[in-house]
Chemist: 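Got a structure for you, questions after.
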Number of protein chains: 2
Amino acid sequence: MDVARTRLSLVIPEELARLLQEEIISGRLAPTTRLTEEEVAQTYGVSRSPVREALRLLERDGLVLKAPRRGIWVAPMTLKDFDEVYACRIPLEALAAAEAAAATDVALKDELPAILAAMRAAHGDGDVQRFFDADVRGSTVIYRLCGNITLRRLLAGLEKQALRYRYFIYARAPGAVRLSVEGTATIYAAILAGDAPRAKAETEALIGAIWRDIRPAMAAEIPAE
Amino acid sequence: MDVARTRLSLVIPEELARLLQEEIISGRLAPTTRLTEEEVAQTYGVSRSPVREALRLLERDGLVLKAPRRGIWVAPMTLKDFDEVYACRIPLEALAAAEAAAATDVALKDELPAILAAMRAAHGDGDVQRFFDADVRGSTVIYRLCGNITLRRLLAGLEKQALRYRYFIYARAPGAVRLSVEGTATIYAAILAGDAPRAKAETEALIGAIWRDIRPAMAAEIPAE
DNA sequence: CTACTCCATACTGTATACAATGTTCAGCGT
DNA sequence: ACGCTGAACATTGTATACAGTATGGAGTAG
């Protein structure tokens, strides 16, 4: 398919992983769906070689599960997995926020207000997709600010799993977005003020609050494990 | 090479990654060494396909760096990277220890004393390699105890980077091993007692102490970045 | 009707061939 | 002498062919 080839032109495995990742996070590729290399390859008009690499990348990010000689499936969404992701996010995102607050890259910090505005606007319009795009951009800015490449690597692997659950809930209960928007505003303020301990504490508080807030709805919609 | 093929018989990329990982952690493959796929393939008597997958795995674990179309290098050891790894280890290892303390798998917990004994014995003999083998086994037991698969995935990627620095220092200043042995004893005691908060606090204390303890020697031996 | 065996099939894993790109160094011009 | 250009080379990226294994269903025995 020529359209796919064009979009994949730079580095096929990474681009392919990004496309598949969007499918999985948005739920268009349902949990436990079987992915065969040949089918993915034909869908995107490439051979199995880059597909295999893309699937390894998705495995690294926890979006697919792989069993040797048996195949690959979209990772199931379970309450256990949800809890695990949030338990790990709290300390890691807090660490990232603290380092971001201590950073000196003013130009990068100045992007945060615009991102917050975009989140608010999307929230006002009830546009979940746009809210997510802004949210992801905000995370990216914080990761770049903190400059800890190792932490960035770890968070990249968590963020995608987390977004999957957040997308799932927000698409069903858009009201839950408000909690995220307001908490994000508080965190950005702390980062802009250069207050690392407060950025850390506010991040721990927000992620913990979101966790508690959406967990009951999650428990009603997905299996325990 | 037949010997290599035999050792690689199960799942070649994973086995290959494990062998290369040992080479890197032990320093036999020096930082910034260029790795060409063909050369690795010939060394182990396999084709480039599994080699490429193995190198992706090592990239995931932060042991090699990859630039598209340009090649792969053993990741450099720098003070910045060292600091990053330890900053991330503190909250993640502490979380793992806390969950391990709360676990109920008595059979698995009972393995800890033997592992501690092995660490002490290796320390007594000044055998760095054996100390590390025991240390890694201990980490594995804790990860299995805590049952948080997501956390396990994140730590697996950190542990290898961390071991590289620890191996580096211990091989030069074996006395630093004592700190690790005694701290580990305290943590294991907390886990066996089912005291999650103490396991968490002791782990934070130990990793922070090791960090501070070996950092000056590290600063003298490796570049800042 | 059930359970077990065996075979066909589909898919993953590995090897190899081919394409494309980055690097290096000789040769030329300034 | 120095810098630039370009072509040969080395190496990665992709496609395809082949090998080996897990799965599912037909067929048969109990």
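Convention: sequence-line order gives letters A, B, ...; per-chain numbering from 1. For the numbers below, each heavy atom of this structure counts, side chains included, while hydrogens, waters and symmetry mates do not.
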Chemist: By nearest atom, which of the nucleotides C:dA15, D:dT14, D:dG13 is closest to the B:Pro50 side chain?
Modeler: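 The answer is C:dA15.
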Chemist: Hey, does the side-chain of B:Arg48 have a donor or acceptor N/O within less than 3.5 Å of a partner on the base of D:dG13?
Modeler: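 Yes.
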Chemist: Between D:dG13, D:dT11, C:dT12, which nucleotide has the shortest distance from any of its atoms to the side chain of A:Thr36?
Modeler: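 Within the option list, the nearest is C:dT12.
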Chemist: Among A:Arg28, A:Glu22, A:Glu23, which one satisfies side-chain hydrogen bond (donor to acceptor under 3.5 Å, both in side chains) with A:Ser26?
Modeler: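 Answer to the side-chain hydrogen bond (donor to acceptor under 3.5 Å, both in side chains) test with A:Ser26 among A:Arg28, A:Glu22, A:Glu23: A:Arg28.
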Chemist: Could you state the CD1-C1' distance from B:Ile72 to D:dT11, rounded to the nearest angstrom?
Modeler: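 Atom-to-atom, B:Ile72 to D:dT11, this comes out as 11 Å.
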Chemist: Around A:Lys200, counting heavy atoms of other residues, nucleotides and ligands shown, do more than 12 lie under 6.0 Å from its NZ?
Modeler: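 No, because the 6.0 Å sphere around NZ of A:Lys200 holds 12 heavy atoms or fewer from other groups.
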Chemist: Kindly say whether, by distance alone, the side chain of A:Arg69 makes a donor-acceptor pair under 3.5 Å with the base of C:dT12?
Modeler: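 Indeed, a donor on one side and an acceptor on the other fall under 3.5 Å apart.
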Chemist: Please give, in whole Å, the distance from D:dA19 C1' to B:Ile12 CD1?
Modeler: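 Value for this atom pair: 12 Å.
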Chemist: Distance check needed: D:dA10 P versus B:Glu39 CD, whole Å only.
Modeler: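 Atom-to-atom, B:Glu39 to D:dA10, this comes out as 14 Å.
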Chemist: Between atom CD in B:Glu37 and atom P in C:dT16, what is the gap in whole Å?
Modeler: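 One finds 15 Å between P of C:dT16 and CD of B:Glu37, rounded.
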Chemist: Nearest whole angstrom, please: distance from the P of D:dG13 to the CD of A:Glu15.
Modeler: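 Going from CD in A:Glu15 over to P in D:dG13 covers 15 Å.
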Chemist: Identify all side-chain donor-acceptor contacts of residues 215-225 of chain B below 3.5 Å with residues at least two apart in sequence or on another chain.
Modeler:
unit_1: B:Arg215; atom_1: NE; unit_2: B:Asp83; atom_2: OD1; d: 2.9
unit_1: B:Arg215; atom_1: NE; unit_2: B:Asp83; atom_2: OD2; d: 3.4
unit_1: B:Arg215; atom_1: NH2; unit_2: B:Asp83; atom_2: OD2; d: 2.6

Chemist: Of all the nucleotides listed (C:dA15, D:dT14, D:dG13), which has the minimum atom distance to the side chain of B:Pro68?
Modeler: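 Closest nucleotide among those given: D:dG13.
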Chemist: Just wondering, more than 12 heavy atoms not from B:Lys160 lying within 6.0 Å of its NZ?
Modeler: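 Above 12, so yes.
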Chemist: Just compare D:dT14, C:dA15, C:dG13 and give me whichever is closest to any side-chain atom of A:Arg52.
Modeler: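 Of D:dT14, C:dA15, C:dG13, C:dG13 is nearest to the side chain of A:Arg52.
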Chemist: Just how far, in rounded Å, is P of C:dA15 from OH of B:Tyr44?
Modeler: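 So the two atoms are 15 Å apart, to the nearest Å.
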Chemist: For A:Tyr167, which residues count as a ring-ring contact (aromatic ring centres under 6.0 Å, His included) partner, sequence neighbours excluded?
Modeler: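 By the ring-ring contact (aromatic ring centres under 6.0 Å, His included) rule, A:Tyr167 matches A:Phe132.
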Chemist: Can you work out whether B:Glu38 or A:Arg70 has the more 5'-proximal nearest nucleotide on DNA chain D?
Modeler: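 The residue mapped nearer the 5' terminus is B:Glu38.
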Chemist: Just the rounded figure in Å: distance from C1' of C:dA15 to CD of B:Gln42.
Modeler: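 After rounding, the gap between these two atoms is 14 Å.
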Chemist: Just how far, in rounded Å, is P of C:dT14 from CG of B:Leu55?
Modeler: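 After rounding, the gap between these two atoms is 14 Å.
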